[in-house]
There are 2 protein chains.
Amino acid sequence: MVEKYNLESLQLTMRVIAGKWKIQIILELMKGKKRFNELERATSGITPKVLIRELKDLEKTGIVNREVLKTALPAVEYSLTPAGTNLQPVLNKMQKWAKIQGQFFHLKGS
Amino acid sequence: MVEKYNLESLQLTMRVIAGKWKIQIILELMKGKKRFNELERATSGITPKVLIRELKDLEKTGIVNREVLKTALPAVEYSLTPAGTNLQPVLNKMQKWAKIQGQFFHLKGS
DNA sequence: CAGGATCCATGACGATACTG
DNA sequence: CAGTATCGTCATGGATCCTG
């Protein structure tokens, strides 16, 4: 069945989870709350600057939640908002599609 | 239910349909075969160079099909491959998600 | 520990002009 | 009509170093 699409919201949705890091972070947070440095280690190779920017982006778009813990040392925990967990069906479909396309689907054979 | 995700294929899927033009083109082609200049008019504001590049990208990733017609004047028709039409469930879920997030979801309130 | 500043590389996207 | 060529801009991501 063909639905009625809103181009803008589709593009917005893409922007919100596209890029090199955002899905990685989201997948990581789907496992549960994570501290900043846990995320830093989990997404190997990311620099603090980029991680911060990505997290702020995800915060702005309502996908992750930021919580400052009142512990001895500064600590911050990130977690998914409902909007974030609602992304699962989207990712499921994407995953399914990729699996179906299989090996004849690969970028930059150029 | 949480599925097992493959990060790389998720990112690949995103890359394949992300950007300013690709979804527009795909949505247009979901209506049926289109000639080059039809696409050019449908995606208002695009320049030939960019449209070509986007179409080639979509061809490379197996999403669109390019067919040269043997008419008096040079004519080319583009259409979706099965892989292309298979994107519908993905877009449906994205659309649904965007709708649920509603107004409190907007980029760059910064 | 969490986050910021600065500088830099690259690729996406754009404008204009031109051609088989 | 369906492309190409050339040039330019800007956002994303990266490296390194610094700080409340």
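First the proteins, then the strands, lettered A, B, ... as listed; each starts at 1.
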Let's see if you get this right: which residues in residues 33-45 of chain B place a heavy atom under 4.0 Å from DNA chain D?
R35(B), F36(B), N37(B)

Within the pair Y78(A) and dC1(C), is there a side-chain N or O less than 4.0 Å away from OP1 or OP2?
no

Proximity to the side chain of V76(B) - top-ranked nucleotide from dG14(C), dG3(D), dG13(D)
dG3(D)

Round to the nearest Å and state the distance from Q11(A) atom CD to dA12(C) atom P.
16 Å

Does E77(A) pair with R66(A) as a salt bridge, N-O distance under 4.0 Å?
no

Do V64(A) and L29(A) touch side chain to side chain, with heavy atoms closer than 4.5 Å?
yes

Does the base of dG14(D) carry an N or O that pairs as donor and acceptor with the side chain of K49(A) under 3.5 Å?
yes

Can you tell me how far C1' of dA12(C) sits from CG of D57(B), to the nearest Å?
10 Å

Protein-nucleotide distance (M14(B), atom CE; dG13(D), atom P), rounded to Å
11 Å

Here the distance between atom C1' of dG4(C) and atom CZ of R53(A), to the nearest Å, is 13 Å

Are side-chain heavy atoms of K93(A) and N92(B) found at a separation under 4.5 Å?
no

Rounded to the Å, how far apart are I25(B) CD1 and dA12(C) P?
14 Å

May I ask you to verify if any side-chain N or O of R15(B) is less than 4.0 angstrom from the OP1 or OP2 atom of dA12(C)?
yes

So, the side chain of N37(A) versus the backbone of E40(A): is there a donor-acceptor pair under 3.5 Å, distance only?
no

Say whether, by atom type as modelled, one donor and one acceptor occur between the side chain of E59(A) and the main chain of K56(A) under 3.5 angstrom.
no

Using side-chain heavy atoms (C-beta onward) and a distance below 4.5 Å, is K22(A) in contact with I25(A)?
no

Integer-rounded Å distance: dA2(D) C1' and E59(B) CD
13 Å

Would you sort out whether L39(B) and Y78(B) count as a side-chain contact (heavy atoms from CB on, under 4.5 Å), showing the intermediate values?
CA-CA 9 Å; L39(B) 289 173; Y78(B) 290 90; 4.1 Å; yes

Taking for each residue the nucleotide of DNA chain D bearing the nearest heavy atom, is the 5' side occupied by T47(A) or by G19(A)?
G19(A)

Nearest to the side chain of K56(B), which nucleotide is it out of dT4(D), dG13(D), dA2(D)?
dT4(D)

In whole Å, what is the span from the CG atom of L51(A) to the P atom of dG4(C)?
11 Å

So, with a heavy-atom separation below 4.0 Å from DNA chain D, the residues of residues 65-73 of chain A are none

Are OP1 or OP2 of dG14(C) and a side-chain N or O of W21(B) less than 4.0 angstrom apart?
yes

Would you mind checking if E28(B) and K34(B) are paired as a salt bridge, meaning a charged N to carboxylate O distance below 4.0 Å?
yes

Can any side-chain N or O of S9(B) pair as donor or acceptor with the backbone N or O of A98(A) at less than 3.5 Å?
no

Any Lys/Arg nitrogen of E54(A) or K20(A) sitting under 4.0 Å from an Asp/Glu carboxylate oxygen of the other?
no

Round to a whole Å and report the spacing from CD1 of I52(A) to P of dG13(D).
15 Å

Ignoring hydrogens and angles, answer whether the base of dT12(D) and the side-chain atoms of K22(A) contain a donor-acceptor pair closer than 3.5 Å.
no

I want to check one thing: is the phosphate of dG14(D), taken as OP1 and OP2, less than 4.0 Å away from some side-chain N or O of K20(A)?
yes

